[in-house]
Amino acid sequence: MAPATTLSPADADKLSNLTSAIAALSQISENEKNGFTNLVTRYLSGEAQHVEWSKIQTPTDEVVVPYDSLAPTPDDSSEVKNLLDKLVVLKLNGGLGTTMGCTGPKSVIEVRDGLTFLDLIVIQIENLNSKYGSNVPLLLMNSFNTHDDTQTIVEKYKNSNIEIHTFNQSQYPRLVVDDFLPFPSKGQTGKDGWYPPGHGDVFPSLVNSGKLDALLSQGKEYVFVANSDNLGAVVDLMSPVTPKTLADVKGGTLISYDGRLLEIAQVPDEHVSEFKSIEKFKIFNTNNLWVNLKAVKKLVEADALKMEIIPNPKEVDGVKVLQLETAAGAAIRSDLYTLQDGSVIRNQARENPDNPSIELGPEFKKVSNFLSRFKSIPSIVELDSLKVAGDVWFGAGVIVKGKVSILVKPDVKLEIPDGVVIENKEINGPEDL
């Protein structure tokens, strides 16, 4: 049932027509129908309005506790095992790699040495279980886009020492902007008529799938939630936030505003540049969450989880549609990081504590194009910033240091020779090498 709320007559009519159309959709469950109707009701009541910018403050030191001040890991390995046996690692695995020119789940993109994101996640947990004799399972939340492929892929891990379970997040219909009716009810019955409603859907989907009750019955108490393409998200007594860098624009920043997380989609246009400022918003949320499973069950069953609504307009086959999403509060192939037990470790040879800022033009967007333009990935251990745009091709063993800008004109092809060292330089053509 949709929650009681006051709507304008026009919005009440929209909701009534939409509810009737949703009821006729056979592709989704009653839980999904109710969840979507509740989300739309909240949206029509104004809950997706932009935050009040004047009320935003940076979080205090009492809210964001420094990592070094946290209690150390217990020395007794049996105590650590007992703690880990209460834990579940949940990876958000609903995203496709299509924007990078890949097919299938983003988690099966090769990262390094022939290993995919998912391979490295499994190795991380295998090492954790082997070290402490614990039983930390891996839970993958798929979307309808990634479910079938993932079910096939996880078969390769059947001989590992970890239990791997999967479940699907909700499947919601896109809304046609013109008449506010579900896209599937207007003939778009394929996948383009639907969308997975964001990572905030993880909690109700855990409950609706039956996985949460199953985990509680096994004595599990906590779940560590992270994106499947975030190799820095390892089991640790860490805060799920990190100092913001120049590269951290898309996603969430921790703010003091009723304890909320601010996403860039919620920022008024006139304040976007301020939002991107490192000085004012210094703490970046990495989508790593530590959550009490009993609390999740209680809140979901009481319908008390009111996640932030993020309207996401799209255009599909020339039709303007709207997706209502919710928010819950990658390592590159370079020598900046090394692999150790499935985890990415910062190269100790880098003296600068900050990561370099790297901006690559559209020529490098798809993985296949990216890989073809590098004979080998340049050394960036001593790099501060790199901008590359245009028809640029890198030879083997290239080293870039300091601040480097390689911006060539549309009619110029630039081939950087093998073994070249580029330091604090602006390059616009072959004559500048």
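Predicted, not measured: the structure shown is a model, and the values here were computed from it.
At a threshold of 4.5 Å between non-hydrogen side-chain atoms, the residues Asn428 and Leu407 count as touching. Side-chain contact check for Leu118 versus Tyr157: some heavy-atom pair is nearer than 4.5 Å. In this structure, Leu336 and Arg346 have side chains that are in contact, with non-hydrogen atoms separated by less than 4.5 Å. Using a 4.5 Å cut-off on side-chain heavy atoms (C-beta onward), Asp179 and Lys186 make contact. Annotation: side chain of Leu324 is in contact with side chain of Tyr195 (closest heavy-atom distance under 4.5 Å). Looking at heavy atoms from C-beta onward, Ile162 lies in side-chain contact with Ile164 at the 4.5 angstrom threshold. Side-chain contact between Ile427 and Ile416: absent, with no pair of heavy atoms (C-beta onward) separated by less than 4.5 Å. The shortest distance between side-chain heavy atoms of Asp391 and Arg373 falls below 4.5 Å.
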Audit row: Phe36, Leu175, side-chain contact (heavy atoms from CB on, under 4.5 Å) steps and yes/no: CA-CA 11 Å; Phe36 181 67; Leu175 288 171; 3.9 Å; yes

Verdict with reasoning, Val319 to Phe183, per side-chain contact (heavy atoms from CB on, under 4.5 Å): CA-CA 9 Å; Val319 179; Phe183 207 9; 4.0 Å; yes

Stepwise side-chain contact (heavy atoms from CB on, under 4.5 Å) check, Val40 with Phe180: CA-CA 10 Å; Val40 173; Phe180 215 70; 3.6 Å; yes

Stepwise side-chain contact (heavy atoms from CB on, under 4.5 Å) test for Ile380 and Ile358: CA-CA 10 Å; Ile380 61 171; Ile358 299 177; 3.9 Å; yes

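Going from atom NZ of Lys211 over to atom CG of Leu293 covers 13.5 Å, rounded to the nearest 0.5 Å. The distance from atom NZ of Lys425 to atom CD1 of Ile406, rounded to the nearest 0.5 Å, is 10.0 Å. Here the NZ atom belonging to Lys86 is positioned 11.0 Å from the NZ atom belonging to Lys220, to the nearest 0.5 angstrom. For the atom pair CG (Leu138) and CD (Glu163), the distance works out to 10.5 Å, reported to the nearest 0.5 Å. Distance check: Lys91 NZ to Asn142 CG gives 14.0 Å after rounding to the nearest 0.5 Å. Note: Glu363 CD to Leu360 CG = 9.5 Å, rounded to the nearest 0.5 Å.
Between Phe224 and Trp290, the two ring planes are parallel [angle under 30°; tilted spans 30° to 60°]. Taking the six-membered ring where tryptophan is involved, the planes of Phe374 and Phe364 are tilted, since the angle between them lies from 30° to 60°.
A donor-acceptor contact shorter than 3.5 Å is absent between the side chain of Asp113 and the backbone of Leu115. Between the Gln169 side chain and the His199 main chain, no donor and acceptor come within less than 3.5 Å of each other. A donor-acceptor contact shorter than 3.5 Å links the side chain of Ser143 to the backbone of Gly94. Within the 3.5 Å criterion, the main-chain N or O of Asp335 finds no donor-acceptor partner in the side chain of Arg350. The main-chain N or O of Val202 is never found under 3.5 Å from a side-chain atom of Ser205 such that the two would form a donor-acceptor pair. Between the Asn129 side chain and the Val136 main chain, a donor and an acceptor come within less than 3.5 Å of each other. Side chain of Asn424 to backbone of Lys403: a donor-acceptor contact under 3.5 angstrom is found. The backbone N or O of Asn127 sits nowhere less than 3.5 Å from a side-chain atom of Ser130 that would complete a donor-acceptor pair. Asn227 places no side-chain N or O within donor-acceptor distance of the main-chain N or O of Asp229, the cut-off being under 3.5 Å. Within the 3.5 Å criterion, the main-chain N or O of Gln171 finds a donor-acceptor partner in the side chain of Glu32.
Smallest separation of non-hydrogen atoms from Leu433 and Pro417: CD1-CD, 3.9 Å. Shortest non-hydrogen contact noted between Pro311 and Tyr43 is CG-CE1, 3.8 Å. Residues Val421 and Lys401 approach most closely at CG1-CE, 4.3 Å, considering heavy atoms. Trp393 and Lys413 make their closest contact through NE1-CE, 3.6 Å (heavy atoms, listed as atom of the first residue, atom of the second, distance). Minimum heavy-atom separation, Ser228 to Ile121: O-CD1, 3.4 Å. Nearest heavy atom pair, residue Leu206 against residue Ser209, reads O-OG, 3.1 Å.
No side-chain donor-acceptor contact under 3.5 Å links Asn31 and Ser29. Checked by atom type, the side-chain pair Asn135/Asp85 shows no donor-acceptor distance below 3.5 Å. Side chains of Asp119 and Thr116: a donor-acceptor N/O pair is present below 3.5 angstrom, by distance only.
When Asn145, Asn93, Thr166 are each tested for a side-chain hydrogen bond (donor to acceptor under 3.5 Å, both in side chains) with Thr150, only one passes: Asn93.
The environment of Glu315 atom CD is dense: over 12 non-hydrogen atoms of other residues, nucleotides or ligands sit within 6.0 angstrom. Environment of CD in Glu426: sparse, with no more than 12 heavy atoms of neighbouring residues, nucleotides or ligands closer than 6.0 Å.
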